[in-house]
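The block underneath contains the structure these notes are about, expressed in structure tokens.
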Amino acid sequence: MVVGIHAFGGYVPRQRLQRNAAYAATGWFAPGLKGFAKGERSFCSWDEDAITMAVEAARDCLAGRDRAAIARVVLASTSHPFADRQNSTIVKEALFLSDATAALDVSGSKRSATSALIDTFHAVAGGAGDTLCVAAERNVAKPGSEGEYNSGHGAASVVVSKGDGCAKLIGTHSVSIDLVDHFRKEGETFDYNWEARWVREEGYGKIVVSTIIAALQKLGVDARKIDHFVLGSSMPKISEYVAQGSGIRPEAVADTLGGVLGDAGAAQPLILLSHVLERATPGQLIMVVGFGGGCDVILLETTAAIVGAAKARGIGGYLEDRAPVDNYVKYLAFSGLIDLDKGMRAELDQKPILTAQYRERKSVLGLVGGKCTQTGAVQFPKSPVSISREARAIHTQEDYPLAELPAKIVTFTSDYLMFSPSPPAYYGNIEFEGGGRMLAEIVDVGEEGLDIGTQLRMVFRIKAIDDRRGFSQYFWKAAPERRLSNRA
């Protein structure tokens, strides 16, 4: 049965650490890293993690599609926020998918995303139904390390369905070999990395190259016919090195985005694939490779449906929507690497009420309000009694999702007294297109500031963190809608 990618999308946080700022702060300790102090890398704001990025990438992918068709959600990451709570189910709830939607977490190596995608292809071919495959990574490296310069945060997602789609599957090939290039013990924050030259020569030079050659032979494809070669790695020039060893043309090597995003670990192959699909033309062969505990090779061919398939944002759009950061301490604070004094106003217990969260999960995680079937009045949160002045109707409201609706600022304030990890705290009343208001926190405010009538889009973020119990509470916030120069 023919299966393929029918939609794709991505997400990159706005915050971009200027690498020369990191070197200015730590270069005295590690002067040998000066060669890495070029360009910038993405990093999460304090209220972002692998789950919030996965939701945003999935929304980008699903824009304009019928979400009712999604039967499964798969989330791949090596930085899942929860070790014993299904992270993919939170993504499913935020997307307001049916409770009959299956959910699965995949982790364990940097090729977890490519392995998840291969499994998704097989599952859909076997009748599992349309599947949303998402990869997201918020990797953290020690300050003053090479990983701090090379890492990046981001997410990407694809919808796999029966039929060719915009990129049909030609075939896959995998090997599993326990070559340990890095590892992280349960409970540890940072990876331990092995010597780079050995990983390059033994891992990429032998395992990856031999797997690619075997895949090409298995699928009967000439290496010189590959149009786009995608390989996620933090090692400089490794894509060109592997391509040369595999017989793939140098011009086929896809941009690794190392200078503008960094390496987003397990999510990187899907991020680069999404970026390639944004610019691909019909009839092109795309090879995607994942490395870690072995190697995955995926071969795709674009179809006529690729024309016009790119979303309004995508990886390219999110890369354009950037906020340069040269304050190294801000990066450390947002990454949880230093603990600034929060003051007395932050001294409150953020203990979650899990029973209430379950009962109100549609409102809290899905941003689902109510719309009166008699008057059309929209309100958030949904309640038994309509707010309409026309009729105090009771039990007339139906579920009304608000997350994808445009909104605008009605009133707002900028507050330095209220505690915020990123002061000042912006919040105010917002109004959704078609009706409905709510009090919302406003994030990602740029130098242009805010004004009454500023257009907004809703974003899924961390609302509060219970440090005592290790529980993150999620909710929806508003962010200014920015028109991108190279997007519709």
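With salt bridges taken as basic N to acidic carboxylate O contacts below 4.0 Å, one links Arg461 and Asp444.
Of all the heavy atoms in Ser112 and Val106, the pair that sits closest is O-CG1, 3.7 Å. Gly446 approaches Arg482 most closely through the heavy-atom pair N-NH2, 3.3 Å. Taking all atoms of both residues into account, the shortest heavy-atom contact from Pro13 to Gly154 is CD-CA, 4.2 Å. The two residues Ala30 and Tyr23 have their closest heavy-atom pair at O-CE1, 3.8 Å. The two atoms that bring Gly10 and Tyr318 nearest to each other are O-CE1, 3.2 Å, heavy atoms only. Taking both residues in full, the closest heavy atoms of Tyr328 and Glu148 are given as OH-OE2, 2.7 Å, listed atom of the first, atom of the second, then distance.
Under the 4.5 Å side-chain criterion, counting only non-hydrogen atoms from C-beta, Asp255 is not in contact with Val260. Within the 4.5 Å cutoff, side-chain heavy atoms of Phe190 are placed close to those of Val140. The closest side-chain heavy-atom distance from Asp119 to Val74 is not below 4.5 Å. No side-chain heavy atom of Phe121 sits under 4.5 Å from any side-chain heavy atom of Cys133. Residues Thr172 and Leu117 are not in side-chain contact: their nearest non-hydrogen atoms beyond the backbone lie 4.5 Å or more apart. Contact check for Val289 versus Phe229: side-chain heavy atoms found under the 4.5 Å cut-off. Considering only heavy atoms from C-beta on, Tyr331 comes within 4.5 Å of Arg41 through its side chain. Contact of the Asp451 side chain with the Ile409 side chain is not registered, since no non-hydrogen atoms from C-beta on lie closer than 4.5 Å.
Atom NZ of Lys218 sits in a crowded spot, with more than 12 heavy atoms from other residues, nucleotides or ligands closer than 6.0 Å. Other residues, nucleotides and ligands contribute only 12 or fewer heavy atoms inside 6.0 Å of the CD atom of Gln244. Other residues, nucleotides and ligands contribute over 12 non-hydrogen atoms within 6.0 Å of the CZ atom of Arg469.
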- Take Lys110 and His182 through the side chain to side chain contact (heavy atoms under 4.5 Å, CB included) test and state the conclusion after the steps. CA-CA 10 Å; Lys110 283 192 174 181; His182 71 282; 3.8 Å; yes
- Query: Which is it for Phe334 and Val325 under the side chain to side chain contact (heavy atoms under 4.5 Å, CB included) test, yes or no, and what are the steps along the way?
  - Reply: CA-CA 11 Å; Phe334 280 10; Val325 174; over 6 Å; no
- Quick one: do Glu56 and Arg313 satisfy salt bridge (Lys or Arg N to Asp or Glu O under 4.0 Å)? Show the steps, please. CA-CA 11 Å; Glu56 294 305 315; Arg313 281 182 174 260; over 6 Å; no
- Query: So Leu299 and Ile226, side chain to side chain contact (heavy atoms under 4.5 Å, CB included) or not? Walk me through it.
  - Reply: CA-CA 9 Å; Leu299 190 62; Ile226 301 299; 3.6 Å; yes
- Before giving the answer on salt bridge (Lys or Arg N to Asp or Glu O under 4.0 Å), spell out for Lys351 and Asp466 the whole-Å C-alpha distance, their side-chain angles and the decisive distance to 0.1 Å. CA-CA 6 Å; Lys351 180 179 180 178; Asp466 177 9; over 6 Å; no
- salt bridge (Lys or Arg N to Asp or Glu O under 4.0 Å) evaluation trace for Asp321 with Arg14: CA-CA 6 Å; Asp321 185 14; Arg14 293 191 73 237; 3.0 Å; yes
- Task: Could you walk me through whether Trp194 and Glu202 pass the side chain to side chain contact (heavy atoms under 4.5 Å, CB included) test, one step at a time?
- Result: CA-CA 12 Å; Trp194 202 244; Glu202 193 68 26; over 6 Å; no
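Checked by atom type, the side-chain pair Glu137/Ser79 shows a donor-acceptor distance below 3.5 Å. Neither side chain, Asp60 nor Tyr11, offers a donor N or O lying under 3.5 Å from an acceptor on the other. Side-chain contact, Asp296 with Thr114: a donor N or O sits under 3.5 Å from an acceptor N or O. In the model, Thr281 has a side-chain atom that pairs as donor or acceptor with a side-chain atom of Gln284 under 3.5 Å. With no hydrogens or angles considered, no side-chain donor-acceptor pair links Asp181 and Tyr204 at under 3.5 Å.
Side chain of Arg111 to main chain of Gly292: a donor-acceptor pair is present (N/O by atom type, distance under 3.5 Å, no hydrogens or angles). Judged by distance alone, with hydrogens and angles left aside, the side-chain atoms of Lys463 form no donor-acceptor pair with the main-chain N or O of Asp47 at under 3.5 Å. A donor-acceptor contact shorter than 3.5 Å is absent between the side chain of Ser176 and the backbone of Gly294. Judged purely by atom type and a 3.5 angstrom limit, Ser157 uses its side chain to pair as donor or acceptor with the backbone of Ala57. Remark: the backbone N or O of Lys206 is paired with a side-chain donor or acceptor of Ser210 at under 3.5 angstrom. For Asp227 (side chain) and Leu285 (main-chain N/O), a donor-acceptor pair under 3.5 Å exists by modelled atom type. Not one N or O on the side chain of Ser246 forms a donor-acceptor pair closer than 3.5 Å with the backbone of Ile248. Here the side chain of Glu278 pairs a donor or acceptor atom with the backbone of Gly316 at under 3.5 angstrom. In this structure, the side chain of Asp263 does not engage the main chain of Asn150 through any donor-acceptor pair within 3.5 Å. Side-chain atoms of Gln15 never come within 3.5 Å of backbone atoms of Trp46 as a donor-acceptor pair (strictly under, hydrogens ignored).
Here Glu48 contributes atom CD and Ser42 contributes atom OG; the two are 9.5 Å apart, rounded to the nearest 0.5 Å. Rounding to the nearest 0.5 Å gives a distance of 7.5 Å between CD1 of Ile170 and CG of Leu300. A distance of 7.0 Å separates OG1 in Thr89 from CG in Asp105, rounded to the nearest 0.5 Å. Rounding to the nearest 0.5 Å places CG of Leu456 at 6.5 Å from OG1 of Thr454. How far CD of Glu40 is from CD of Gln18: 4.5 Å, rounded to the nearest 0.5 Å. To the nearest 0.5 Å, atom CG of residue Leu132 and atom NZ of residue Lys92 are 13.0 Å apart.
By the 30° and 60° cut-offs, the orientation of the rings of Tyr149 relative to Phe36 is tilted.
Under a cutoff of 6.0 Å and an axis angle of 45°, Arg59 and Phe460 do not form a cation-pi pair.
With Arg184 as reference, Asp191 is the one residue of Thr189, Asp191, Asn139, Thr78 to meet the side chain to side chain donor-acceptor pair (under 3.5 Å) rule.
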